[in-house]
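Below: the structure, in structure tokens.
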Amino acid sequence: MPEARVPGRTWTVRLTGHPDHTVSVTCSTAACRMPPRSKDAASMRRFAAEHIKAHGRLASARPNAACSCGSAHCALHEARVHCSGSSLLVLVHNQAVGQVWTLADVCQACARNIPHITILATTKPAVPTPEAPAVEQPAPRTAVPGGFSSPETVPDPSPGRRRLRRPNRPNRSRG
């Protein structure tokens, strides 16, 4: 019996500018502690990127996760898609805008339609695959009396690359 689907997870980290020329970082996870406002936008942007990466390192793709994009009415992409395929953990971040990072469990069908995506983890297919056949080890070759190896190990007498002989030409005298 297949496992019951669990809701897909979503984390959003946002960099917000304020009228006093400071920036702040917010995370959709209430338990996360964020630094105070700062005028150093570059360091706050680095903090936001590292913070979402930390969420990504702690999370893993779950094979029984429902697509969070589908439950949000496909807000991460424009085209309406029927959710299908295995679950992926993805990071969505547009470098040109650079103010919002989204980490989410999405299905393969939705992932194909989401711009600016990085796949962080994938799940194995729900259907078990047959085990790979065992690789047969060749039997050890026996030595032939007299110090020679078996005929199967004798190198090919004709080398792979031969040097062509030039026909003898009579010497021409310059004169």
Side-chain angles (χ1 to χ4, degrees), residues 1-140:
M1 179 170 178
E3 293 181 30
R5 294 293 242 181
V6 295
R9 303 162 295 177
T10 302
W11 296 266
T12 302
V13 174
R14 186 177 309 272
L15 188 67
T16 306
H18 302 283
D20 63 351
H21 301 285
T22 60
V23 292
S24 61
V25 177
T26 58
C27 180
S28 60
T29 304
C32 292
R33 293 188 55 181
M34 296 292 114
R37 285 185 182 189
S38 173
K39 288 191 182 255
D40 188 359
S43 68
M44 295 297 271
R45 182 173 279 116
R46 283 191 301 274
F47 175 84
E50 286 302 315
H51 184 76
I52 199 74
K53 287 178 187 176
H55 278 294
R57 285 189 297 271
L58 293 174
S60 62
R62 301 179 300 174
N64 59 340
C67 181
S68 64
C69 184
S71 64
H73 306 292
C74 298
L76 293 174
H77 54 86
E78 292 180 18
R80 190 84 170 118
V81 176
H82 177 69
C83 294
S84 64
S86 60
S87 179
L88 309 171
L89 182 65
V90 300
L91 174 63
V92 182
H93 176 67
N94 183 346
Q95 294 284 345
V97 177
Q99 296 177 359
V100 178
W101 293 259
T102 303
L103 184 65
D105 288 322
V106 298
C107 68
Q108 288 176 325
C110 285
R112 286 186 208 106
N113 293 294
I114 301 172
H116 312 290
I117 189 173
T118 303
I119 298 174
L120 301 179
T122 60
T123 59
K124 294 180 181 176
V127 178
T129 56
E131 289 186 26
V135 178
E136 292 183 23
Q137 297 293 330

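In what follows, residues are counted from 1 in the order of the sequence shown.
- His21 NE2 to Ser38 OG: the interatomic distance, rounded to the nearest 0.5 Å, is 14.0 Å.
- When every heavy atom of Ser87 is checked against every heavy atom of Ala61, the shortest pair comes out as O-CB, 4.2 Å.
- Closest of all the heavy-atom pairs between Ser24 and His18 is OG-NE2, 2.8 Å.
- No more than 12 heavy-atom neighbours from other residues, nucleotides or ligands sit within 6.0 angstrom of NE2 on His82.
- Once rounded to the nearest 0.5 Å, the distance linking OG1 of Thr123 with CD of Gln108 reads 7.5 Å.
- By the side-chain contact (heavy atoms from CB on, under 4.5 Å) test, Ser28 is found to be paired with Trp11, Thr12, residues two or more places apart in sequence or in another chain being considered.
- Here the side chains of Met34 and Cys27 are in contact, with some heavy-atom distance below 4.5 Å.
- Here Thr22 pairs with Asp20 under the side-chain hydrogen bond (donor to acceptor under 3.5 Å, both in side chains) rule; sequence neighbours left out.
- Sorted by first and then second residue, the ring pair (Phe, Tyr, Trp, His ring centres under 6.0 Å) pairs involving residues 88-115 (not counting sequence neighbours) are His93-Trp101.
- Side-chain contact between Ile117 and Leu91 is absent, with no heavy-atom pair separated by less than 4.5 Å.
- Of all heavy-atom pairs between Leu15 and Gly98, the closest is CD2-O, 4.4 Å.
- Heavy atoms only, all atoms of each residue included: Met44 and Pro36 are closest at CE-O, 3.5 Å.
- To the nearest 0.5 angstrom, Ile52 atom CD1 is 5.0 Å from Leu103 atom CG.
- Here the side chains of Val25 and His51 are not in contact, with every heavy-atom distance at 4.5 Å or above.
- Taking Asn113 as the reference, nothing meets the side-chain hydrogen bond (donor to acceptor under 3.5 Å, both in side chains) condition, with sequence neighbours excluded.
- Among residues at least two apart or in separate chains, salt bridge (Lys or Arg N to Asp or Glu O under 4.0 Å) pairs with a member in residues 43-61 are Glu50-Lys53.
- Side chain of Ser68 to main chain of Asp105: a donor-acceptor pair is present (N/O by atom type, distance under 3.5 Å, no hydrogens or angles).
- Atoms CD and OG1, on Gln99 and Thr16 in that order, are 7.5 Å from each other to the nearest 0.5 Å.
- Contacts classified as salt bridge (Lys or Arg N to Asp or Glu O under 4.0 Å) and involving residues 22-33 (residues at least two apart or in different chains) are not found.
- Minimum interatomic distance between Ala111 and Leu88 (heavy atoms only, all atoms of both residues): CB-CD1, 3.6 Å.
- Smallest separation of non-hydrogen atoms from Arg9 and Ala59: NH1-CB, 3.9 Å.
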